Amino acid sequence: MPDSGYPWPISTTRLDNGLRVVVSEDRTAPAVAVNLWYDVGSRHEPAGQTGFAHLFEHLMFEGSVNVAKTEHMKLVQGAGGSLNATTNPDRTNYFETVPAEHLELALWLEADRMGGLVPALTQETLDNQRDVVKNERRQRYENVPYGDAWLRLLPLLYPPGHPYHHATIGSMADLNAADLATFQAFHQTYYAPNNAVLTVVGDTTVDEVVTLAEKYFGGIEPRAEIPSAPDGRTVPATGVPAVETVVTDVPAPRVYVAHRTYPFGTPGYDVVTVLATVLGSGRGSRLYQRLADGERIAQPDLVGAYGVDLAHAPAPLIATATARPGVSGERLAEGLSEVVDELATVPVTPSELDRAKALLTTAWWRQMSTVDGRADVLGRYATQFGDPATVAERLPAWQAVTAEQIAEVAAEVLGADDRVTLTYRPEEKP
Amino acid sequence: MTLIAERPGPGAARPYRFPQVVRRAVAGGQVVAAHLPGQNLAVALLLLDAGAGREPVGKEGLGGVLAKALEEGTSQRDATAYALAIEALGTELVTGLDWDTFQASVQVPVERLGAAVELLAEAVRTPKLDPDDVRRVRDDEATALRMDWANPGPRADAVLRADLFGVDNRWGRPLYGDPDSVAALDAEDVTVFHSEWFIRPGTLVVAGDLERIDLDALAATAFAGTGGGPVDRGGPIDVPLRTGRRVILVDRPGSVQSTLRLGHIAPHRAHPDHVPLALAGTVLGGAFTSRLNHLIREVRGYTYGIRGDFASSRRFGRFAVSSGVQTAVTAPALVESVGEIARTQAGGVTEDELAVARSWRAGQLSVELQSPRAIAAALTTLVVHDLPDDYHAQLREALLAADVAQVSAAAATHLHPDSLTLVVEGDAALIRDELVAAGLGEVIDHVPADPV
């Protein structure tokens with residue numbers, strides 16, 4: 001196994017307008033991944049405009065000056081490609097993987113919507129995509145049991161005014177109030193070449209990509225001042241546990257225990273990543289062994305823990321379990337808290353640590369096994385840490401985490417007096 | 001602002017390559033492998049002729065319970081020791097079930113593949129299957145299904161399947177069973193199913209850097225102690241098409257969306273129309289740009305997404321459309337969806353639409369077949385459907401060669417808008433009257449069976 005987490009070449013070029021172009025050549029498969037990270041997410045949304053960054057992402061597929069409405073999808077799929085986009089609190093990414101001969105088409109499409117979206121944006125498109133997003137909210141958050149857990153956890157973890165206080169999907173009221181001028185301004189403010197990273201990975205060369213990037217993106221004007229999101233890196237501990245119980249139509253009690261930890265990319269968060277795997281990944285994890293297998297109070301398929309990889313404020317660590325029949329939410333919450341508490345007091349054994357690192361190593365190489373997986377991490381590291389080559393450091397950093405560090409971090413950020421506990425309880429049936 | 005207005009054409013096309021396929025008969029079983037030079041990760045997958053189609057009627061969910069029970073201890077170690085051993089290699093035991101096969105696989109850095117396959121074989125071939133453990137796993141599985149069935153979708157899927165294929169047949173019941181069928185299983189059902197289907201050698205599928213993998217050694221491990229030859233897999237099942245369209249209403253009080261499942265039976269996998277059918281399905285509902293998504297999402301804004309496709313296994317197939325739409329527009333969404341299906345059946349596809357569909361499906365054979373996991377899945381297709389090593393290259397050619405006449409003919413022959421079953425899972429009190437008024441067909445209220 002290589003010592004580096006990224007054994008492929010990486011080249012970075014900055015165009016005169018500030019667009020950073022990252023290229024990683026790999027001729028293994030006749031495909032290229034094109035990926036754009038825009039450094040704008042829901043953390044930039046002011047009060048009253050929640051959900052706007054994500055709704056905007058939808059608008060980016062609806063045509064631009066040289067691309068007719070509906071043509072974007074049709075051209076990429078008609079070239080044999082896969083495409084999508086996602087928005088989270090930190091950033092918005094757009095990506096397509098196409099057979100290598102269609103690289104130029106993909107770059108043309110991305111440049112056209114970076115530089116020419118506003119003139120093509122209509123009220124009709126906005127109204128239609130607002131309806132689509134409201135349906136997305138219903139489908140993913142409102143119409144499924146426990147679907148709103150994330151929406152409830154965020155305000156418990158982050159105080160009002162914090163950039164992570166509200167969820168990316170936004171509120172129905174704000175979405176209803178969205179007007180066209182706001183979105184035109186949103187694009188002009190944030191969709192500038194000097195606020196983006198273009199990454200291309202796969203069957204191409206640095207020269208080809210840089211030449212094409214210059215040709216298609218080079219004429220797009222940079223924006224002088226791009227407003228930053230509110231600073232959320234310091235979140236004062238309240239010293240008071242936050243507890244919320246929701247009684248609703250769910251099939252069984254479920255508990256989420258959540259903590260603010262460290263921003264993604266810091267040494268502390270590397271420890272949290274390994275800690276989360278020890279705690280909640282796989283049948284050998286502490287939560288599975290203690291709650292699903294040992295005490296048998298949790299359903300085996302629905303117990304786990306994970307960090308949410310956010311980089312601009314202390315990122316959440318979430319542990320969750322769902323009760324076996326006959327087990328109360330209170331009993332489950334106690335059990336879950338106990339296992340989290342023990343991370344500070346019961347040392348992680350060498351075999352627990354090796355197991356976690358082995359699982360993380362496989363997960364890392366799985367992400368790296370496709371050109372699209374690689375393009376997205378390069379875009380992330382270039383955007384969030386200024387240098388895509390730092391991607392190679394993450395896997396070795398996980399490998400270097402010690403049991404002592406896990407205990408220290410647990411003592412520092414997983415204390416019971418700064419814990420969020422969200423419990424769902426089924427309604428009493430008449 | 002200076003943007004280039006002219007859309008660029010394609011560069012020189014690269015030749016299509018599917019990884020080199022190696023087939024070998026070793027130790028009584030078959031090995032099918034793909035060479036991925038330089039790949040750090042490798043996948044090994046044991047493919048058994050033990051799909052849900054092998055479960056007796058009334059025993060739905062056996063395969064799912066057995067899959068979980070495999071990890072509750074083996075002849076060599078208890079459940080905890082097994083979990084720690086396999087996860088220390090960086091993998092979990094991943095199991096999968098479809099109508100034709102049962103699959104168990106591991107995914108690890110390539111130098112750990114031998115050790116991972118030993119643990120895979122240990123669980124699949126020599127599980128302890130202690131009756132107390134099996135009963136506990138069964139109860140957990142029943143609970144897990146109850147959890148799943150609290151979501152919109154599984155009930156609608158089950159109602160559609162029963163209506164298309166008949167609830168008296170195994171294939172008219174849910175792939176993983178339902179909470180009640182699983183709860184009713186005996187520990188002995190599970191051990192009998194294991195001894196009948198999990199001791200036969202099967203096929204070992206491997207995707208990875210074969211320069212660093214000893215296939216013979218893997219096969220010797222995977223097939224050790226196995227016996228019994230292949231069993232006849234049965235031919236295509238003749239399922240009659242329903243006469244007349246009907247709406248089945250599954251009540252979900254308080255639902256803010258209606259979950260739609262529309263469908264009818266369709267050809268099995270080996271049918272000669274497979275490629276034109278796949279393309280017709282793509283134009284109608286298989287891609288973001290398809291007719292259904294364009295109309296129902298992009299024009300009307302009724303939904304976050306709507307998909308439709310033809311799906312097939314060795315013995316049967318079905319056409320189905322699925323979506324979740326806002327409650328208030330349930331009836332118009334159904335009317336317009338049926339309208340698109342009817343329009344496609346009657347008028348076929350256009351060259352413009354087909355051009356997108358065929359290049360998309362062909363291009364996906366490069367774009368989506370990169371990871372060892374994806375390549376292993378492609379190899380299982382070769383094994384399950386008796387296809388040659390160059391199948392993916394042939395498929396690509398067939399997709400690119402299909403013309404409007406062929407695809408339109410397949411749509412005309414295999415779409416049956418007047419025989420559709422329209423299952424609607426939603427707030428019945430709010431939508432029943434509109435559904436009746438829409439005149440799409442008789443509206444029937446689904447009556448759930450009494451819980452066991």
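Within every chain, numbering begins at 1; the chains are lettered A, B, ... in the order of the sequence lines, protein sequences first and strands thereafter. Small disclaimer: the values here were computed from a predicted structure and weren't measured.
In terms of heavy-atom proximity, T362(A) sits nearest to L89(B) at OG1-O, 4.3 Å. Minimum heavy-atom separation, P99(A) to G363(B): CG-CA, 4.1 Å. Scanning both residues, E298(B) and N128(A), for their nearest heavy atoms gives O-ND2, 2.7 Å. The minimum heavy-atom distance between Q257(B) and N135(A), with the atom names listed, is NE2-O, 3.2 Å.
For E368(B), the part lying near chain A is the side chain, with the backbone staying farther off; criterion is any non-hydrogen pair under 4.5 Å. Using a 4.5 Å cut-off between heavy atoms, R361(B) does not touch chain A at all. Heavy-atom distances place the side chain of L41(B), and not its backbone, under 4.5 Å from chain A. Within the 4.5 angstrom heavy-atom criterion, only backbone atoms of P15(B) (N, CA, C, O) approach chain A. Only the backbone of V299(B) comes within less than 4.5 Å of a heavy atom in chain A; its side chain stays farther off. When heavy atoms are compared at a cutoff of 4.5 Å, S371(B) approaches chain A by way of both its backbone and its side chain. For R358(B), no part lies near chain A; criterion is any non-hydrogen pair under 4.5 Å. Neither the backbone nor the side chain of R373(B) comes within contact range of chain A, judged by heavy atoms closer than 4.5 Å. Within the 4.5 angstrom heavy-atom criterion, only backbone atoms of Y302(B) (N, CA, C, O) approach chain A. Within the 4.5 angstrom heavy-atom criterion, only side-chain atoms of D140(B), from C-beta onward, approach chain A. Heavy atoms closer than 4.5 Å to chain A are found in both the backbone and the side chain of A287(B).
The side-chain heavy atoms of M368(A) and N40(B), taken from C-beta on, include no pair separated by under 4.5 Å. Looking at Q299(A) and R146(B), their side chains never come closer than 4.5 Å, going by heavy atoms from C-beta outward. R7(B) places a side-chain heavy atom less than 4.5 Å from the side chain of L105(A).
In this structure, the side chain of R355(A) does not engage the main chain of I86(B) through any donor-acceptor pair within 3.5 Å. A donor-acceptor pair under 3.5 Å is formed between the side chain of R283(A) and the backbone N or O of E71(B). Formation of a donor-acceptor pair under 3.5 Å by the W365(A) side chain with backbone atoms of P109(B) is not found in this model. With hydrogens and angles disregarded, no donor-acceptor distance shorter than 3.5 Å links the side chain of E87(B) to the backbone of G282(A). Remark: side-chain polar atoms of R14(B) are paired, donor with acceptor, to backbone N or O of D203(A) under 3.5 angstrom.
Note on D301(A) versus K68(B): salt bridge recorded, some NZ/NE/NH1/NH2 to OD/OE distance being below 4.0 Å.
Inspection of the Q77(A) and T289(B) side chains reveals an N or O donor paired with an N or O acceptor under 3.5 Å. Side-chain contact of D131(A) with Q326(B): a donor-acceptor pair under 3.5 Å is absent, judged by distance alone.
Per-residue heavy-atom pair counts under 4.5 Å with chain B were compared for Y288(A), F61(A), Y216(A), Y146(A), and the maximum is reached by Y216(A). With chain A as partner, the option from G254(B), P152(B), A144(B) having the largest number of non-hydrogen pairs under 4.5 angstrom is P152(B).
The structure places OG of S255(B) at 10.5 Å from CD of E142(A), a figure rounded to the nearest 0.5 Å. Here the CH2 atom belonging to W360(B) is positioned 15.0 Å from the NZ atom belonging to K74(A), to the nearest 0.5 angstrom. In this structure, CD1 in I4(B) is found 10.0 Å from CG in D112(A), a value given to the nearest 0.5 Å.
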>> The test is side-chain hydrogen bond (donor to acceptor under 3.5 Å, both in side chains); show your working for Q39(B) and S369(A) and say whether it passes.
In response: CA-CA 7 Å; Q39(B) 178 62 253; S369(A) 70; 5.2 Å; no

